[in-house]
Amino acid sequence: MATPQVQEKQQPGTGKAVVNDFSMTVATKNGSGSQTSNLTLLRALFKMGIPVSGKNLFPSNIQGLPTWYTIRVSKKGYLARRAEHEIVVAMNEDTFIEDLASVAPGGAFYYGDHLKFEVNRTDISVYSFPAKKFAKDSTAPATLRDYVANMAYVGVLAHMLEIDMSKIREALEYHFDGKEKPIAINMGVIEAAYEWAKTNLTKTDPFRVEAMDETKGFIMADGNTAGALGSIFGGVQFMAWYPITPASSLAEGVSQNIAKFRDKEGQDGKTYGIVQAEDELAAIGMAVGAGWSGLRSLTSTSGPGISLMTEFVGLAAYAEIPVVIWDIQRVGPSTGLPTRTSQGDIISTYFLGHGDTKHIMLLPGSASECFEFGWKSFDIAERMQTPVFVMSDLDLGMNTWMTKPFEYPNTPMDRGKILWEEDLEKLSDWQRYKDVDGDGIPYRTAPGNKHARSAWFARGTGHNDNAKYSERSEDWEKNMARLKHKFETAANYMPKPEILDNGNKVGIISYGSTHEAILEASDYLAENGMETDYLRLRAVPFTNEVKDFIEKHERVYVVEMNRDGQMNMILRLEYPEHTMKLISLAKHDGMPLTANWVKEAVELQEK
């Protein structure tokens, strides 16, 4: 048995236990199988009723480079990232020194004893454990021992933090879908490490967990899977996609789950089609074509893919073809940082395409909202006959979040203004691009309509109300004015913002995955005597509530994850009379936003 290396000295400030309030980071190598171990810990804590969140910081290569997984435990329910690490588990020799240095004073440092480094910090508790030995002694095949070695830190932490072992097993049962052999192998390593820690380690740090009842009414989910399921429940009929980080798992989520909900025994054929295209151009081309044919059509990508899709999106906008495009944003420009999060595609997507073009953007702020916008985006796309972008990001899309359960669509499917044979029979005159109702939205038909007057030519060139080619200036200006009016009409169909308004002088506006950091920062600001109001955008174009919120506040801070304050730019364009009120607070380091950064940025402006 390896000799434990334990500092027996009680650390400063550790006389009082710190319960359910710390961040714990595990440092491993990408491709080492640590994700299973990390999710086991995350889910076990959640099953104990403790609010948790998990952030995976991983490299853009396939295997071998450093990766860090941070679990935040918060009795107050805070889910945003924290920059501090009270507990660090080191399993990677390449980052050992860095990981040791990252432990907060008074914290705890765990490491596998196969890592032969000197530990010379005296302000933290240090524990080593024989991870390799537990793997070697396990029932795992030799080819899997390096992977199950990670379960050693699960067992050690379960003892040292007092994590319920029955919840550890439940988490493994979920992960391995009830398959007893892998459950037994991994649980065997965890139990061995747990018993070893009980005998060999003396706890000198203050951190532990206790069961709570604060996760009732919540589930654990990532945004990409949630968006995929929402798309299925929204009636997706065609999806074309090309693999790209961090969007691939959304398309994979559709592919892996759609048969469970759609296929019926004995049915003739499928009610959906899925194509992995040769590139992003092909994917958007197929998706637009499917939208033109009357199918609920979808593609998913990230910033580089959006750039490639520009011309087809312009065609869909001008020819008025419904299609849904998920943009799981990452850091750009160019290849950028493929595995870091960002909100840097806001301006480029809003105006995507040459000429005068604006696009609808939905802005989910939680995994449950990704599900909601998964189905709602189709309704909006077909109602407005236009591309709809769902602007998620890597943090929301790929990380596991505590979120509200998904709600089944509560309204009938909205196919918009679509005409069939009996409709056309009643009309003496139908023109594809004529604004009959005064809302800018024309009526359309789809292939399969057998009426003699149902056909129309979808073109990206100038056309008149009857979809016939035209280079007449008056036809062009009339059509572009109608498209502008249609975009204004779209605001009536947008999800309204979430607002917390208590009549304070200062307001904060944010969107997407920054939401949790804003909620937490607002509490910190209030503790320091500064009360703020908050509006979370859920869509562009903006609804009237956005303008009202800006008007009633003396200063409004727009918080986002990009360099130039892109949403702030759009707000200033839409409400130029309030330009001086709108103050950009933008952060662009590729990491999920922290509440402390928001708090300090607001306080600096308020000095």
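This structure is a prediction, so every number in the text was calculated from the model and none was measured.
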Any ion pair linking Arg536 and Glu369 (charged N to carboxylate O, less than 4.0 Å)? yes

Does a donor on one side chain sit under 3.5 Å from an acceptor on the other, for Thr36 and His175? yes

In sequence, state the C-alpha distance, the side-chain angles, and the governing distance for Asp395 and Lys55, and then conclude on salt bridge (Lys or Arg N to Asp or Glu O under 4.0 Å). CA-CA 7 Å; Asp395 182 28; Lys55 307 289 186 189; 3.0 Å; yes

Side-chain ion pair, Glu173 and Arg169, N-O less than 4.0 Å: yes

Using 4.0 Å as the upper bound for N to carboxylate O, is an ion pair formed by Asp379 and Arg296? yes

Do Lys404's NZ or CZ and the ring of Phe218 fall within the cation-pi criteria of under 6.0 Å and 45°? yes

Should Glu545 and Lys496 count as an ion pair when the cut-off is N to O under 4.0 Å? yes

Classify the ring geometry between Phe371 and Phe406 as parallel (under 30°), tilted (30 to 60°) or perpendicular (over 60°). parallel

Please report, to 0.1 Å, the donor-acceptor pairs under 3.5 Å made by any side chain of residues 258-265, with sequence neighbours excluded.
unit_1: Lys260; atom_1: NZ; unit_2: Asn257; atom_2: OD1; d: 3.1
unit_1: Arg262; atom_1: NH1; unit_2: Val236; atom_2: O; d: 2.9
unit_1: Arg262; atom_1: NH2; unit_2: Ile232; atom_2: O; d: 3.1
unit_1: Arg262; atom_1: NH2; unit_2: Val236; atom_2: O; d: 2.8
unit_1: Asp263; atom_1: OD1; unit_2: Tyr272; atom_2: OH; d: 3.0
unit_1: Asp263; atom_1: OD2; unit_2: Lys270; atom_2: NZ; d: 2.6
unit_1: Asp263; atom_1: OD2; unit_2: Tyr272; atom_2: OH; d: 3.2

Asp435 and Lys486: salt bridge (Lys or Arg N to Asp or Glu O under 4.0 Å), yes or no, with the steps? CA-CA 9 Å; Asp435 182 7; Lys486 184 175 81 164; over 6 Å; no

Assess the residue pair Ser510 and His515 against the criterion (side chain to side chain donor-acceptor pair (under 3.5 Å)); give the C-alpha distance rounded to whole Å, side-chain angles, the decisive distance to 0.1 Å, and a yes or no. CA-CA 7 Å; Ser510 82; His515 175 57; 5.2 Å; no

Please collect all side chain to side chain donor-acceptor pair (under 3.5 Å) contacts where either partner lies in residues 231-245, sequence neighbours excluded, each pair once. none

Chi angles and distances behind the side chain to side chain donor-acceptor pair (under 3.5 Å) call for Ser470, Asp475: CA-CA 7 Å; Ser470 172; Asp475 286 338; 2.6 Å; yes

Under a 4.0 Å N-O cut-off, is there an ion pair linking Arg43 with Glu170? no

Taking it one step at a time, do Lys358 and Glu488 satisfy salt bridge (Lys or Arg N to Asp or Glu O under 4.0 Å)? CA-CA 10 Å; Lys358 290 181 181 178; Glu488 294 165 349; over 6 Å; no

Looking at side-chain heavy atoms only, is the closest gap between Asn30 and Gln35 below 4.5 Å? no

Verify the neighbour count for atom CZ of Phe351: are there more than 12 heavy atoms of other residues, nucleotides or ligands below 6.0 Å? yes

Please confirm whether the ring centroid of Tyr318 lies under 6.0 Å from the ring centroid of His463. yes

Are side-chain N/O atoms of Tyr443 and Asp437 paired as donor and acceptor at under 3.5 Å? yes

Is there side-chain contact between Gln385 and Arg444, with heavy atoms separated by less than 4.5 Å? yes

With side chain to side chain contact (heavy atoms under 4.5 Å, CB included) as the criterion, how do Met398 and Asp222 come out once you've worked through the C-alpha distance, each side chain's angles and the decisive distance to 0.1 Å? CA-CA 6 Å; Met398 294 192 70; Asp222 64 90; over 6 Å; no

Would Thr28 and Ser34 count as a side chain to side chain donor-acceptor pair (under 3.5 Å) if you check the C-alpha gap in whole Å, the side-chain angles of each, and the deciding distance to 0.1 Å? CA-CA 7 Å; Thr28 58; Ser34 58; 2.8 Å; yes

When you check the gap from the basic side-chain N to the acidic O, do Lys417 and Asp439 get nearer than 4.0 Å? yes

Evaluate the criterion side chain to side chain contact (heavy atoms under 4.5 Å, CB included) for residue pair Thr514 and Glu560; output intermediate values, then yes/no. CA-CA 7 Å; Thr514 62; Glu560 51 191 317; 5.6 Å; no

Does some side-chain heavy atom of Glu407 sit less than 4.5 Å from a side-chain heavy atom of Glu372? no

Got more than 12 heavy atoms from elsewhere within 6.0 Å of CD, Glu180? yes

Relative to each other, are the rings of Tyr408 and Phe233 parallel, tilted or perpendicular (30° and 60° limits)? perpendicular

Hey, does Ser32 have a side-chain heavy atom less than 4.5 Å from the side chain of Asn150? yes

Does Glu278 have more than 12 heavy atoms from other residues, nucleotides or ligands lying within 6.0 Å of its CD? yes

Do Glu320 and Arg482 sit within salt-bridge range, that is, some charged N less than 4.0 Å from a carboxylate O? yes

Could Lys376 and Glu382 be called an ion pair, given the rule that one side-chain N must be under 4.0 Å from one carboxylate O? no

Under a 4.5 Å cut-off applied to non-hydrogen side-chain atoms, are Val331 and Thr341 in contact? no

